Amino acid sequence: MAGLSLELIGLQLFAGLALGSVYVLLAIGLSLIFGMLTVVNFAHGAFFMLGAYVGLWLLSIGVNFWICLVAVPLIVGGFGLAVERTLIRPLYGRGIDYPLLLTFGLSYIIVELVRIVFGKSGYPVATPDALQGAVDIGVGYFPLYRLFVMGVTALILVGLWLFLERTRYGLIIRAGARDAQIVRVLGVNISRVWLMVFGLGCGIAGLGGLLAAPLQGVIPEMGGPILAEAFVVTVVGGMGSLMGAVLAGLLVGVVVSMTSLFAPEMAKVAIFALMAVVLLIRPQGFFGRAGLMS
Amino acid sequence: MLRVEKLNAWYGASHVLQDVSLEVNRGEIVCLIGRNGAGKTTTIKSIMGLMERTSGSVTFEGHELLGRPAHERFAHGLAYVPEERRIVTGLTVRENLRLGLVSSPNRKKEAELIDRTAEIFPRLAERLDQTAITMSGGEQQMLAIARALISDPKLVMLDEPSEGIMPVLVDEMFELFQNLKAGGTTILLVEQNVELALGVADRAYVLDQGSVVHHATGAALLADAEIQERYCSV
Amino acid sequence: MTDLADNSAKRLAPSGFLEFARRHRTLLAALFLLVFPLLVPFKALAVNILIYGLYALGFNLLFGYLGLLSFGHSALFGAGAYICGILMVHVGMPWWAGVLLGCVAGAAMAAIIGTFAIRTSGIYFAMVTLALSQCIYYVFYQATGLTGGENGLRGVNVEMISIFGLRLNFVDPLTRYYVVAAFVIVALWILSRILASPFGAVIESVRENEARARASGYDVRRVRLVTFILSGAFCGLAGALQAIHLSIVPIELMHYETSGLVVMMALLGGMGTFFGPFVGAAVFLLLENLVSLWTVHWQLFVGAVFVVCVLFFPRGIWGSILHAMEKK
Amino acid sequence: MSVDAEVILRTESVSKVFGGFTALRDISVDFRRGAITSIIGPNGAGKSTYFNLLSGAFAPTSGRVFFEGRDVTGLPQHRFAHMGVAKSFQITNVFPQLTTHENIRVAAQALQTCFDMWRPRAARRDLIDAADALLHLVGLADRRDRLAGTLAHGEQRALEIGMALASRPRLLLLDEPTAGMSPEETRSMMDLIVKLASERTVILVEHKMKLVMGISNRLLVLHHGELLAEGTPDDIRHNEDVKRVYLGKREH
Amino acid sequence: MTDHKMSLTRRRLLGTVGAAAAVSPFAINIVRAQESKIKIGFPVPLTGPYGAEAEDQVRAAQVAIAEFNEAGGLAGRMAELLVRDDKLNPGEAATRTLELIENDKVNFIVGSLSAAVQLAVNNVTKQRKVIFNSISQSDAINEVADFSPYTFHEALNPHMTAGAVGRYAFQKFGKKVVFLTADYAYGTEMVTGFREAGKAFNIEVMGDIRHPIGATDFSTLLPRIQAMKPDILCISNFGRDQQIALKQATDFGMKKQMKIIAPILLYTGRIAAGEAAFEGVIGGTSYYWGIENKIASAKAFNDRFRKMFAGKVPSDYGSLAYGGVKTLLMGAKNAGSTDAEKVIPAVEALKYDYYKGPQYYRKCDHQSVQSVFIIESKTAPKDNPTDVFNVIAIDEPNEANLRSCEVLGHKA
């Protein structure tokens, strides 16, 4: 094959990890929400898109990118809180199908509202000045902004890990995901925890959208494909498992990049083939709990 | 201290508790006995606020609790140890204990309280940093009890704490109950092991088919072979 | 047909018209379908409703009656459409052979997917069927020689059909409607019989209590697989009818959005009821058609309808109607 | 393995391990044809695990299970029903949204036809009659058209037994059939079990020891996953080990 | 002109009653009174990612309708546009086309934006002998399998655009070429067009990398392209795929290493993706408004468009709709009838210059033979944000640049 070298494979691997880090950002939110609330959030892609648009709007009124990094997840997360409180909370205890369908419908609404407000055509989002250009990573040049995205993802992961492992709220979330009733009888208002977790997941999705905006621009439909990919990641990693979401996200990224190297047109099917194979061997995914939801 | 009046509860359409009334006084050990399905578990779940649909009245130290969510009842000083030792197996022993304090005002003294608990439960002290799943059933049950006690509740409700546990540990557990009582903790106990339970109980209520059918002191019931045979026969 | 076929029947004392309606549901449905095109804005939409209604019925056999949520039914629907189309375009088979083999193809595709997927259940079943159907989507997408790939398969043209010497102009919209309706009515009748048969009881019992069914001596996996294959046959038939109705097979039929669509239709109409999915398909398509004439923002309305339905009418439209009638 | 006509079911040193926890250790027992054998033991003794091995709900980790001389270790659950083994569950386990009659009819149908998808159910008069006869036997004839989910607890347990009988088993396995029943219900259930045992072999798992003493031909006592004792009710009553862990509770 | 949407709605409401009168299958097609309007069905993807292009298509088509009606129509018969949302879905488009033909009894169909949709519409129209003028790109529609006498193709096809761009680029920027291609018919048709054009220049194809359609990330493909070190990168994809590919190629610093060309650059796409991503990219187009200072008909069309739509300028896909509607109406006018059999020869006979210079439909495949503009993206001047391209060359209309009728399977 023309131009195949060790450097290229290294660069390719790196590109895969960078790509995977965007998947991870979406998948941890999905997984967190599923693990805690057993809600399969079909609107997650819409929240991702919303993050990109909120960022676009903030940038257009002169807010700088670094402030957006904080403001966007807060705004999108806040919207997530409102959604949980008004639409999803009435559905707890009614099985997995109803929240799934509701969020499916909700995603239509969000996307259409964005079309009404921002128009149907997309907008470009410039890469922040400080993050333009490419840097040498040893095996070749790689866009600085993508390194930045990887860095932010890593930071979020570390932050989330510290939050879950070291704080009181983290302890509540870890325990609540396994046994909500116990947490309730130990004095925790579990509905508030669910509310916060949903908001947190949506906020991270919104941040993902903001980070993706300079990579691909923004359009109302941008949440669709990434949602499908994030679902694959969540399922392969094991629904509800954060560790699984991280590993599977990176794995899917690498699988895509390696397929891209050898059979690029198969890159998309490779994701689903991977998912089919993993699920047939291990139906609950890497770190999922067997028998869940069955 | 705790007064339950005409408590009714439903699972879906089936009416599983009918006009249950009972009282627990400060410093007492009160026991609920009866066959499987008699409504013992449902009664304490209703008191704790874990049933979807209830009616009647549950007052604790003068506060009406019915209709309040479980976490508020905890804040009033109620603690509940469910059956089947529901500890969180993925967490360590210490984390499980910390979980008992997450919404207690005592959490500022967390380290101190964990040390104190470790003294009371020496079996847990050795394995504070092990994952809870590595412990035996009896040790897990001890942990579940310790977790409920660490926040210094006024009333502890335990659902079949001796189920499936080695006799040695059961003895240890019942000694603990008596010590707790001596220390001023009030206990509401659901137990299959009738003789053992009645041995420590000040008073006991017998439930059958969702209603209270008999009420007497522990000693009196222990002596009443007919009631035992009729409602608790093994 | 006995009242055993429909659960809701048992909650009701047999009474007058309702009971009659239940016993002769296929007949009544057939009568309704005869006048149906008069109630719909245009015939091609009426035909689409028939086809998607059949697709949703087939899906509901698995979801509503057996309790397995599949997210891969587009592969069954698409297989029916493509095999029918390919046999007509590339092999030159007559239309009726294409339709019948399309139905078989749906069943065969279900057998393939089912063999793998049936080992899982719950949310994982949904995900495995989704993944496998996406793989199949790409197979059909890549086989451009046969399927036309992204461009879709064109030329699935039926001009005239002759039945018992009677020559009918299939290009005529009303004729096309009644020919498709005939297939759909026969399918309804067969489905109704299956549900009323001993096997129908087995399907329900597996949904109700898998462990008990197994202990009673049913091979639950095989029951699931066979139900999946039956579901595939109905969906395949729907796909084949879609191919000859539109005279094209777009690759979009295979896409997972087509799977999601049928889930929405079934839930909207009321899963687990006989006609619910059909009603769901009709309401969905009519709504989409009407609203998209008023505004390009029709998706806002579609989304809102789903949110409202989930929040306030969880039984679905037909399910809520049945429930209201039972209460009286 | 010689076919011993007297032995209907045999386990040869079966063990069951769940993720490192040994629930059952090395149990070898012969179950006699035509007898009522009760498996007793305190909570957590492994009774239910053993029951599930006997009924084919899961395969042992090691050891073998023979039914009528045939090695049935690891056969799928549904095959057990076809061989003539039926079971009732510890937790009530019916088809809640089907009528009482349909529950039994479906169970009776299992051995005759599964994939008959053309004839109406009503055409199988034999199954309908068989179901009616069984409803009568278990005393639910007047509940024929009620949804099973709406029956009282005791009635559901009776229905389960009816469903188990529908497959005309030679071996009937009952897991705590009187759990949660009133004394009256318990008594009639015990009468029913004795009546059933006249025509088939019955294996019973029970928590309440006194209850089964009177009706059982043989008893097995499990404790901590091991076979503590085996014998006639009298043997068991006088067994010191059993007294210690089970009957005598503790001597204070 | 009445608001077609309003009248449609009213008809829908009456439909349940009115339809009863028309149930007889034998009554079809009788009621087509001569004095009735000339109805043009217009399925375009109003929803979905090409909504902006579709809206511009509607605008430009309305210009053609207005001009026709102002000129007196066809002996007093006015034209009317019936817009339908095809949702970018061939199945939906086929259903909508059936509605237009069977229910609304349209005389002609013009429209579509994606290749798959136009082929679906074409399949329906040719079976029912209704004239369809396609305004989207595809090579397949010229081929004998899909073509019918009722099929016209006003748009360019990939062979033409890729060929024109290739002929311009290969002599200027180098011979070592890599393709980044969307993995579907339209993508491969463009590559074929480039390769055909490249034969004359002895180009060396170093790689043809296929990406799945609808890709949102090209970062895993770009390093390999960089490693090949080509002179030219041909990005043979469309719409959002193209915008993202260009943006990310820019981020990877590829514009410094190679020249990036694309067979077709969309005006709306350039606006959406911004100047940075498109800067310096060379591509082809059927129309760019800036050509008006060279071509008089373009100026007239632009002015009319600006007047009707508050100073907006028409886009490339919009202008195709103008051409597509206009040619059929002029054909009908020349034929003095809307009867398809009479309109077809009249349209075939047209030699027209409506908006971009001389054009005509080739007899064998009804492909509009026309010029291709080679454009280069630039930074728009402050005072005119619509001025985004420089027209750097014009590939004049020439049948020799089309695939021959024989190759397409037609008897010449």
Side-chain angles (χ1 to χ4, degrees), chain A residues 1-5 7-16 18-19 22 112 115 119-127 132-134 139-146 212 214-222 224-226 229 253-254 256-261 263-270, chain E residues 45-56 178 180-184 187 206-230 239-240 243-248 250-254 256-257 268-278:
Chain A
M1 186 181 295
L4 194 61
S5 67
E7 276 82 22
L8 180 57
I9 292 177
L11 197 59
Q12 202 72 24
L13 203 65
F14 200 77
L19 181 62
V22 180
E112 205 55 59
R115 285 196 189 117
K120 280 183 268 188
S121 36
Y123 294 91
V125 174
T127 312
Q132 274 175 356
V139 285
Y141 280 85
F142 203 72
L144 179 61
Y145 184 74
R146 281 178 189 265
L215 293 175
Q216 46 170 268
V218 297
I219 55 161
E221 295 81 16
M222 68 190 284
I226 190 102
E229 282 146 8
V254 170
V256 168
S257 76
M258 285 301 146
T259 342
S260 300
L261 191 54
E265 67 274 15
M266 302 302 284
K268 237 178 180 175
V269 68
Chain E
L46 292 170
T47 49
Y50 297 109
E53 284 80 358
E55 279 172 3
D56 208 53
V178 170
L180 176 60
T181 311
D183 188 32
Y184 69 125
M206 307 180 75
D208 180 3
I209 292 172
R210 303 290 166 96
H211 71 79
I213 187 171
T216 53
D217 200 287
F218 294 85
S219 64
T220 57
L221 302 170
L222 301 178
R224 192 172 147 207
I225 295 173
Q226 285 176 306
M228 292 175 188
K229 297 191 175 29
R240 185 160 157 76
Q243 295 165 25
I244 298 176
L246 287 176
K247 164 78 175 144
Q248 296 181 355
T250 310
D251 289 346
F252 271 77
M254 293 171 75
K256 295 177 202 123
Q257 298 160 338
T268 42
R270 158 65 182 80
I271 299 287
E275 59 193 31
F278 275 63

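Numbers restart at 1 for each chain; the letters A, B, ... are given by sequence-line order, proteins then strands. Not measured: the values here are computed from a predicted model.
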Quick one: are E:Glu55 and A:Lys120 in side-chain contact, heavy atoms under 4.5 Å?
yes

Nearest non-hydrogen partners of E:Ala272 and A:Pro124, listed with the distance
O-CD, 2.6 Å

Would you say E:His211 and A:Pro264 make side-chain contact, with heavy atoms under 4.5 Å?
no

Once you round to the nearest 0.5 Å, how far does OG1 of A:Thr259 lie from CG of E:Leu221?
10.0 Å

Comparing E:Pro223, E:Ala245, E:Gly274, E:Gly269 against chain A, the one with the most heavy-atom pairs below 4.5 Å turns out to be E:Pro223

Rounded to the nearest 0.5 Å, the CZ atom of E:Arg224 sits from the CG atom of A:Leu11 at a distance of 13.0 Å

Determine, stepwise, if the pair A:Thr127 / E:Asp251 fulfils side-chain contact (heavy atoms from CB on, under 4.5 Å).
CA-CA 9 Å; A:Thr127 312; E:Asp251 289 346; 3.9 Å; yes

SB check E:Asp217 A:Arg146 (cutoff 4.0 Å)
yes

Pair E:Thr220-A:Ser260, side-chain donor/acceptor within less than 3.5 Å
yes

Please look at E:Leu222 and chain A and tell me whether the side chain, the backbone, both or neither of the residue comes under 4.5 angstrom of a heavy atom of that chain.
neither

Under 4.5 Å from a heavy atom of chain E, the part of A:Val125 involved
backbone

Non-hydrogen side-chain atoms of E:Arg240 and A:Gln216 separated by less than 4.5 Å
yes

Contacting moiety of E:Ile213, where chain A heavy atoms sit under 4.5 Å:
backbone

Counting N and O atoms only, with roles assigned by atom type, does the side chain of E:Lys247 sit under 3.5 Å from a partner on the main chain of A:Ala126, one being a donor and the other an acceptor?
no

Less than 4.5 Å to any heavy atom of chain A: does that hold for the side chain of E:Ala273, its backbone, both, or neither?
backbone

Under the criterion ring-ring contact (aromatic ring centres under 6.0 Å, His included), which of A:Tyr145, A:Tyr141, A:Phe142 is the partner of E:Phe252?
A:Phe142

Let me know if A:Leu19 has heavy atoms under 4.5 Å from chain E in its side chain, its backbone, both or neither.
side chain

Counting only heavy atoms closer than 4.5 Å, note whether A:Gln12 contacts chain E via side chain, backbone, both or neither.
side chain

When A:Ala212, A:Gly140, A:Gly224, A:Pro214 are compared by non-hydrogen pairs under 4.5 Å with chain E, the top option:
A:Pro214

For chain A, which of E:Glu53, E:Lys229, E:Gln248 has the most heavy-atom pairs under 4.5 Å?
E:Gln248

Quick check: closest heavy atoms across A:Glu265 and E:Asp183, and the distance to 0.1 Å?
CB-OD2, 3.2 Å

Looking at side-chain heavy atoms only, is the closest gap between A:Ser121 and E:Thr268 below 4.5 Å?
no

